[in-house]
Amino acid sequence: MNHALILPILLPFLAGISLLFLKTSSMLTRRLSLMATVALVPLAVLLLILAGDGGYRVYLLGHWPAPFGIVLMLDRLSALLLLLTALVATPALWYAVATDGDRQGRYFHPLFQFQLMGLNGAFLTGDLFNLFVFFEILLMASYSLLLHGGGRERVRAGLHYVILNLTGSALFLIAIGTLYGLTGALNLAELAVRIAAAPESDAGLLRAAAVLLLVVFGLKAAVLPLYFWLPAAYAHTSAPVAALFALLTKVGVYAMIRVFTLAFGLEMNAWLLPLGLATLIAGGMGVLASRELRRLIAYSVIVSVGTLLTGIGLDTVAGLSAILVYLAHTTLITAGMFLLADLIVDQRGHTENWPAPPVAQLRLLSGLFFMGAIALAGLPPLSGFLGKTLLLQAASSTPALPWVWLIVLGSSLLVIVALSRMGSRLFWNMQDVATTAVPVSVRRWWPAAALLAAGPLLMILGQPLTDFATATARQLLSPSGYMAAVLATRDLTVLGASL
Amino acid sequence: MLLFIALIPLLGALLPLWAGGRRGRDVSVWTTAAVTAASLALLLWLSPVVFDGVVLQANWPWLPQLGLNFTFRLDGLALLFGLLITGIGLLVILYARYYLAERDDLGRFYALLLLFMGAMLGMVLADNLLLLLLFWELTSLSSFLLIGYWHSRADARQGARMALTVTAAGGLALLAGFLLLGHIAGSFELSTVLAAGETVKNHPGYPVMLMLILLGAFTKSAQFPFHFWLPHAMAAPTPVSAYLHSATMVKAGVFLLARLFPVLADTDLWFYLVGGTGLITLLFAAYAALFQHDLKGLLAYSTISHLGLITLLLGLSTPLAVVAGVFHIINHAVFKASLFMAAGIIDHETGCRDMRKLNGLFKYIPWTATLAMTAAAAMAGVPLLNGFLSKEMFFAQTVYQAAAGGEVHWLLPLLATVAGIFSVAYSARFIHDVFFNGEPINLPRLPHEPPPYLRAPVEVLVAICLLVGIAPAYTVGPLLAIAATSVVGGPLPPYSLAIWHGFNLPLLMSSLALIGGALMYWQRRRLFRLGDRYPPPDGKALFERGLNLGIAATRRLTEGLENGSLQRYLALLIGVALVAGVAGAWQGGELTGDQPLPPVDLLSLLAALLLVLTTGLTMLWHRQRLTAIILLGGVGLIVVLAFIRFSSPDLALTQLTVEVVTTVLLLLALRYLPSDALPESMPSRRLRDAGLAILAGIGVAALTWGGLTRPLQPELAEYFLATSLPGGGGANVVNVILVDFRGFDTLGEATVLVIAALGITALLTGGFPLPIRSSPRVVSIEERWPLLLRMGARPLLALTLLLAAYIFLRGHHLPGGGFIAGLMTALALATQYLAGDFRWTTAQLNLDYQRLMGGGLALIGFTGLVSALFGYPFLTSAFTHAHLPIFGDFEIASAMAFDLGVYLVVVGAVMRILLELGQANAEENGWKP
């Protein structure tokens, strides 16, 4: 059994605990927190290589065989998301430290680490209830991080987030309870086996539980009529937290992919495709309607969720692999844009679209913005184009073609219009005064630049990325391997190890 | 090698930025020119092979799965465009050096120009549809930045945005069209696609695909009705207008038509769509050009009109029309670029572009005037100049179409002549209004001849106009031939490039156009009056109004959806869950299972009724917060009873302690809520909420019912019962599940508790906005701390702690455990605070709860890690039996350490939260930390 599987959870867990014994945001705290976060990158790469062989790694917690204990599962999808988490977390944390954002409130670092623990755990677990637990961890940490630094608007938006997600957690529990009552299983693989074998008389209730899960995941993912908590919350929280939260909606999407490909087979696609398209429309309009940059980026998160759901809803290897490529792109770019927006606010005073004094580093900031905007809008030659075009191609052999093309391209146009307006107003329409802003050193801008560099990099590495995504999609759409790998441990004879 | 033609300028774009700055003005010019010259030299070096009819190709796979590869082809068409782009580019670079002012950022300008040039070269050389699209969009993006170069001007910003919006929309349509085309042809490689003409044209998807691709081409080449962005793109510096918006970028659309000619053209649909659009654009823009008072505006509309002419020729689809079209591409690029440069010189020298003020400039700048007049004559189609030749060929083609197409098509040559008349008229206006026609009126300054470097590019271009116009066969002939060949995709029919073809219909049309145009210009005042009365529609205003309406609509919709009302979001969430759940359950199966229900006893029924009653009362009195909280506690207590009824003492104990702690916490949290009653909500809203609540309740009840009426799936339970003692070392299965079978969940939940404590602390110390109390409550010390409580609290502490220890120790085998014990301890400690002086108690207890919970979590973690040291997975438990003289036999289990960790976490976290919440209350009552 490979202990590397549990390290992405243990490392931030232990780091978080240690930080409780140190002074809030002291140098030592910062160093420890950064080290623990940076270490996740090589670890995630290692796991990615491990998962790259197409096999499944199972980790039996407490050495109890499945389905009786809790298992961690590593496959390509988990590994991909772990890597994305590490890649977003590192610059975000660095930025928080470089801008002293971590000192605006208490416990930033332990909360950040626990947040990472929750994310990594959610991506690794192979147990539905344990998924709930990790959802709780990441949500509880996110509540506090969201409010980090305080302020009336932040608290107000955060409160909505907290209450809606608590309601979501209750729904999650109801769904799990129903599933457990019907099947007697919590282990995802076992659940899949039981559901497949369930009598026809249970079908309705099972579906009801499944759609409840869809609602819960849809709330986290921010799908149309459940996304309203997101724009205000993301627009008002601190920049590094918003950057990290670019991942948070992806947890919902991940959970949908994981649970529905595995346990509910093809049931959900009839729901996901229209949901995704409707979310795309709403997100695109929100982007155009935004008067302020951070809000615009927050709405682009909605656009990306809509795109992701559309791809899942196509229910083909091509569709799924397209959105996995897109997932990597949108997470990194959105995170980078949130950090960039903060740099712009810092030098310009605000990101509302009326004139302000010019920024101090016009070339740097406008250059980064231009890059990020191209990627965000899905224009060539940057990464957004890759995922979007793969998705359009994936849709081309399905009856949904006209809708998918029209809405995906239409929302792209809305995003282009919105970004060209926003960009030209932020950087071109300036008050005719000398700037009073102080240029920032590379220490503060590299996190945004590094994340936005995903735009060209993912395009250059497009082929390996697409290959990996396709292999992942294949793996996901033939879940028998997953089930076999988990349930093979059933015959493991375990007795408490006697000292 | 082909790759480098485009790559050199793309990478070279960084050089002027690097060399930029005031000191490096000349450096950046020469680096830019050198980069361009390198590309041009490469093209020329490769050209002999292309003249021999060879198509050079190169390819590197990039994203084969997407169909996007680095494949390039250099054929006649690509060579022609490549030479135009680099050749005119070189002249523009020189021109811009002297045109742009000292304060303009030359480095940025040249970087963008090179970026554009590289994109343009990549586009014409691409041998892959998606690669072509990639460069296509890159030209739109760099054009956006170039139009907005003087970004402090509002018209520049608006023009840039409008150009980007229109061309990007076209680009998206083009993407869709290309994807369809690639799908139909089976490949995105042009070489394959071009050979698949018949398959494509017979495919049912052809019309849609064609329209999408044409949308892309027409928006880029400013064809009616998408033409309106081009005149406003003139806000760009004149070198940009000369280069992008007349000679190169706007030709991308017609380039695309030419490029895909073999696979798309020669159908009726193509003829009507392309030819029709071209004809309308030709006429409309020529007419509109006449009414422009702005020098660049006239040239912009004239450009649109000429683009329409080329489109029309390509729409006619005959090989000779293609030759004429390609020829006109060359000629237009040459004379229009020189005209723009001349206009730029006039603007530069006088500070004015209004033709109503610019008069009689000939005597100030005779040499520039001569050059401009020659170029304008070429535009008008005067013999001995290049424009005449292609225009004659155009007239000939319309006549040919009329002859072939029967009586209806006589319209075509007629309209062509009309367009010719307009074109002569606006050319005449350009010449006469600017250089003659009296004296200048109120010019900011009187012009001088410009520095020779500014004029040199114009001289070169005008020389080409003359050379081509006089000796076409010896100059442009071979290039035209290979370019047209690669468009047609086969051998060309014989044609002759000569000035004199004898007296024929086209010559008559040319003469008519010249005479008619001169007449029209002579009668221009009447025309202007007409134009003032019926101005051509203002595309920009329409566009802006449409866009603003659109944005306003999205704002209304978005703000209507996301209105900031938590109540609505919650109602939506519950409503969606309800609808989705019902829709899911509706699809089949049964609600009630076949498990027989146990008989109802009176006591259970009573408890159930009590539960309903308490819940109902809670809801009814929810505005009286204190009452509601106490009632809520009642609900919890009945749940405790239910647990006892179904023989689960562990759960009952847990629920009981949780209930008490929760109630205390809620009471403390009351401080943070406004004490005033909430405003009443609307009756309709209350009805909605009540309906939702009742339906959701029914839904959850139904799900529960479904589960309860089905037999238990016993596998897990049986395994736990069987394995708990031998495998987990505990007889209390619930506890073994918590600390062992699913210890990882417990670890997670313990973490959640710690995070909650941290979060609450951070929030409350981070300036949580407190509601404003109308008046502080005055309470006496006796009232605050009742005597009985004060006296009883301390002995109670000892007792409770003892009980907690007992509960904890027996937990692994009998009901109890770390969680319950932790809550009990926390309650005992909390009682101390409640019963006495806050400050005194804090000092007495002197516990660091943060470290306590941290230590507990650490203990949990290390318990798990120990097993990893022995090579077992994380959290593997171990136990053994030990014997001590006095205590006798007892068990040591790693699970005990785990449970102790849970205990510490619970005590630490709960106390931390209690203290944080309590502190604010204590402060309000006069306590200072």
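In what follows, chains carry the letters A, B, and so on, assigned in the order in which the sequence lines appear, proteins first and then strands, with residues in each chain numbered from 1. All of these numbers come straight from a predicted model, not from anything done at the bench.
- Both the backbone and the side chain of A:Leu390 come within contact range of chain B, with heavy atoms under 4.5 Å apart.
- At a threshold of 4.5 Å between non-hydrogen side-chain atoms, the residues A:Phe427 and B:His151 do not count as touching.
- Counting heavy atoms from C-beta on, the side chains of B:Asn563 and A:Phe228 never come closer than 4.5 Å.
- Under the 30°/60° scheme for interplanar angles, the aromatic rings of A:Trp64 and B:Tyr719 are found to stand perpendicular.
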task: Kindly determine whether A:Phe13 and B:Phe874 satisfy ring pair (Phe, Tyr, Trp, His ring centres under 6.0 Å), including the steps that lead there.
output: CA-CA 13 Å; A:Phe13 175 64; B:Phe874 188 67; 7.6 Å; no
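- The candidate from A:Gln115, A:Met430, A:Met117 with the greatest count of non-hydrogen atom pairs under 4.5 Å with chain B is A:Met117.
- Counting non-hydrogen atoms of neighbouring residues, nucleotides and ligands closer than 6.0 angstrom, the CZ atom of B:Arg108 exceeds 12 such neighbours.
- Remark: the B:Gln713 side chain and the A:Thr183 side chain contain no N/O donor-acceptor pair separated by less than 3.5 Å.
- Of the two parts of B:Val754, only the side chain, counted from C-beta on, holds a non-hydrogen atom closer than 4.5 Å to a non-hydrogen atom of chain A.
- When side chains are defined from C-beta on, B:Leu591 counts as touching A:Leu205, because their heavy atoms get closer than 4.5 Å.
- With contacts defined as side-chain heavy-atom distances shorter than 4.5 Å, the pair B:Leu865/A:Leu10 qualifies.
- Among all heavy-atom pairs drawn from A:Leu20 and B:Gly854, the shortest one is CD1-CA, 3.7 Å.
- There is no contact between A:Leu179 and chain B, counting heavy-atom distances below 4.5 Å.
- Only the side chain of A:Ile6 comes within contact range of chain B, with heavy atoms under 4.5 Å apart.
- A:Thr389 touches chain B through backbone and side chain together, each having a heavy atom under 4.5 Å away.
- Considering every non-hydrogen atom in both A:Ser420 and B:Leu164, the closest pair reads CB-CD2, 3.6 Å.
- No side-chain donor from either of A:Ser424 and B:Arg157 sits under 3.5 Å from a side-chain acceptor of the other.
- Looking at B:Leu17 and A:Arg363, their side chains come closer than 4.5 Å, going by heavy atoms from C-beta outward.
- Within the 4.5 angstrom heavy-atom criterion, atoms from both the backbone and the side chain of A:Leu386 approach chain B.
- Looking only at distances, no side-chain donor or acceptor of A:Glu136 sits under 3.5 Å from a matching main-chain atom of B:Glu749.
- Counting only distance, with no hydrogens or angles, the side chain of B:Glu137 and the backbone of A:Pro381 share no donor-acceptor pair below 3.5 Å.
- When all heavy atoms are compared, the tightest approach of B:Thr558 to A:Tyr299 is CG2-OH, 3.0 Å.
- The minimum heavy-atom distance linking A:Met285 with B:Leu557 is given by the pair CE-CD2, 2.7 Å.
- Residues B:Phe144 and A:Trp428 bring their aromatic ring centres within 6.0 Å.
- Between B:Gln850 and A:Phe21 the shortest side-chain heavy-atom distance does not fall below 4.5 Å.
- Using a 4.5 Å cut-off between heavy atoms, B:Glu559 touches chain A through its side chain atoms alone.
- Annotation: side chain of A:Phe370 is in contact with side chain of B:Leu141 (closest heavy-atom distance under 4.5 Å).
- At distances below 3.5 Å, not a single donor-acceptor pair connects side-chain atoms of B:Arg710 with backbone N or O atoms of A:Leu182.
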